[in-house]
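Working notes, structure below.
Counting from 1, the numbers follow the sequence of the chain as shown.
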Amino acid sequence: MPTTESADNDQLFVLTAVLLTPAQFPSVLGDDYPEVCAGLGLEPYAEGYGLVLGQDGDGGRWTVVTEDVSLVACAIAAWDCGMEYDLSPGESSIVGALPGWPLALAVAAPGVPKPHDPEPQEGDPAPLTPPDAEEWGPAQRRLGADEIAMQWAAWREQVEGDVSFAEPGDEAHEGVRRVLAEARGYVNEPPPPGRVRSSFAAGEARTLRVDGPGWSMVARTDDIAFVLLDDEPGEVHPVGRGPELPGLLASLEELAERPV
């Protein structure tokens with residue numbers, strides 16, 4: 001089990017790590033990078049952070065925040081390939097150690113008590129807790145968009161025939177029309193970092209992830225889009241290419257944050 005050091009020099013048994021940058025952050029925590037940083041009490045620096053989640057020797061949950069984004073990225077890449085990697089950020093790179101975990105983990109460190117929030121010390125912030133994603137709402141909506149992005153081919157196959165672009169005046173698609181209008185607004189007035197993110201897709205296409213107040217959109221630059229809304233629980237709305245979508249996606253791609 002990889003280890004690092006927490007702020008009080010207790011050994012930390014590392015369970016996982018995630019990136020927190022304008023281009024890559026856990027979507028469940030917010031619609032954009034500054035929102036996620038605010039929830040963790042961090043300044044939204046452009047360089048970003050790495051979040052290392054683990055347990056101390058008493059089983060306490062801790063989230064160590066490091067500025068060494070490259071180290072965390074290397075560790076995640078190695079783990080994804082099934083390789084071992086000792087993630088131990090240098091003391092000078094550690095911004096702080098926050099009690100609790102911002103994400104739900106189904107694993108625990110062996111040989112220590114079960115995961116629990118550490119005993120609060122005077123001046124400590126409240127322990128981090130994962131967002132409630134049991135009921136439909138912003139967290140579950142963003143998780144749904146994550147799933148579509150990861151399983152694009154499967155979702156695309158469910159769309160039969162041509163899908164019409166949301167037409168003005170079509171009340172059945174009022175929410176979709178609002179999303180598209182707000183997304184077009186991003187082109188004229190760029191939103192907070194992370195609201196529009198771009199990642200690799202098959203061929204020369206890109207996968208776009210666009211979020212806003214109460215909505216998420218997942219699209220491929222060479223294909224259609226899917227829209228999810230807070231006020232329509234569990235519904236996924238396909239949006240066809242039509243005359244407008246290609247140009248909108250091309251414009252959003254130009255301003256999107258991309259992983260380094």
Side-chain angles (χ1 to χ4, degrees), residues 4-7 12 14-54 61-77 87 89-105 117-118 120 123-133 137-146 149 182-183 185-186 189-199 208-218 230 252 255-260:
T4 186
E5 299 292 322
S6 66
L12 186 78
V14 177
L15 298 176
T16 192
V18 295
L19 293 176
L20 175 55
T21 70
Q24 292 177 277
F25 56 84
S27 298
V28 68
L29 299 181
D31 287 323
D32 55 56
Y33 175 65
E35 180 181 344
V36 176
C37 286
L40 298 173
L42 301 172
E43 291 293 327
Y45 295 128
E47 295 78 6
Y49 306 92
L51 304 181
V52 183
L53 282 61
R61 305 184 185 97
W62 289 94
T63 298
V64 173
V65 184
T66 175
E67 294 177 333
D68 196 339
V69 176
S70 296
L71 177 69
V72 173
C74 288
I76 293 172
L87 177 53
E91 185 175 349
S92 62
S93 76
I94 294 179
V95 176
L98 305 174
W101 294 335
L103 303 171
L105 299 185
D117 290 334
D124 282 353
L128 300 174
T129 57
D132 183 5
Q140 195 174 86
R141 176 251 302 167
R142 291 189 292 260
L143 287 174
D146 286 348
E182 292 186 18
Y186 288 172
E189 185 175 345
R195 285 274 179 99
V196 184
R197 290 173 281 161
S198 173
S199 58
L208 282 177
R209 172 62 180 274
V210 190
D211 292 276
W215 58 270
S216 293
M217 180 169 71
V218 183
D230 279 357
L252 291 172
L255 61 85
E257 300 280 355
R258 292 186 172 209
V260 176

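A 4.5 Å side-chain heavy-atom check between D211 and D32 finds every atom pair outside the cut-off. P130 has its side chain out of reach of L103: every pair of non-hydrogen atoms, C-beta onward, lies at least 4.5 Å apart. Looking only at side-chain heavy atoms (C-beta outward), P213 and D230 stay at 4.5 Å or farther from each other. Contact of the E35 side chain with the P192 side chain is not registered, since no non-hydrogen atoms from C-beta on lie closer than 4.5 Å. Between L40 and V65, the closest side-chain pair of non-hydrogen atoms is not below 4.5 Å. In this structure, the side chains of I76 and Q24 stay at 4.5 Å or more apart for every pair of heavy atoms. The side-chain heavy atoms of W215 and V210, taken from C-beta on, include a pair separated by under 4.5 Å. R209 places a side-chain heavy atom less than 4.5 Å from the side chain of D146.
In this structure, the separation between OG1 on T66 and CG on L20 is 11.5 Å, given to the nearest 0.5 Å. The line from OH of Y33 to CD of E257 is 10.0 Å long, rounded to the nearest 0.5 Å.
For Y49 (side chain) and P44 (main-chain N/O), no donor-acceptor pair under 3.5 Å exists by modelled atom type. Panel note: side chain T63, backbone G100; a donor-acceptor pair is recorded below 3.5 Å. The closest donor-acceptor contact from the side chain of R258 to the backbone of A23 lies at 3.5 Å or more, if one exists at all.
Residues D132 and A139 share a closest heavy-atom pair of O-CB, 4.0 Å. Contact between P191 and L255 at its shortest, heavy atoms only, is CD-CD1, 4.4 Å. Contact detail for P102 and L29: the closest heavy-atom pair is O-CD2, 3.4 Å. When all heavy atoms are compared, the tightest approach of V52 to P89 is CG2-CG, 4.4 Å. When every heavy atom of A133 is checked against every heavy atom of L143, the shortest pair comes out as CB-CD1, 3.7 Å. Scanning both residues, G212 and R195, for their nearest heavy atoms gives CA-NH1, 4.2 Å.
For the pair R197 and F25, the cation-pi criterion (under 6.0 Å, within 45° of the ring axis) is fulfilled.
When the options D117, T129, L128 are evaluated for a side chain to side chain contact (heavy atoms under 4.5 Å, CB included) with R61, the one that passes is D117.
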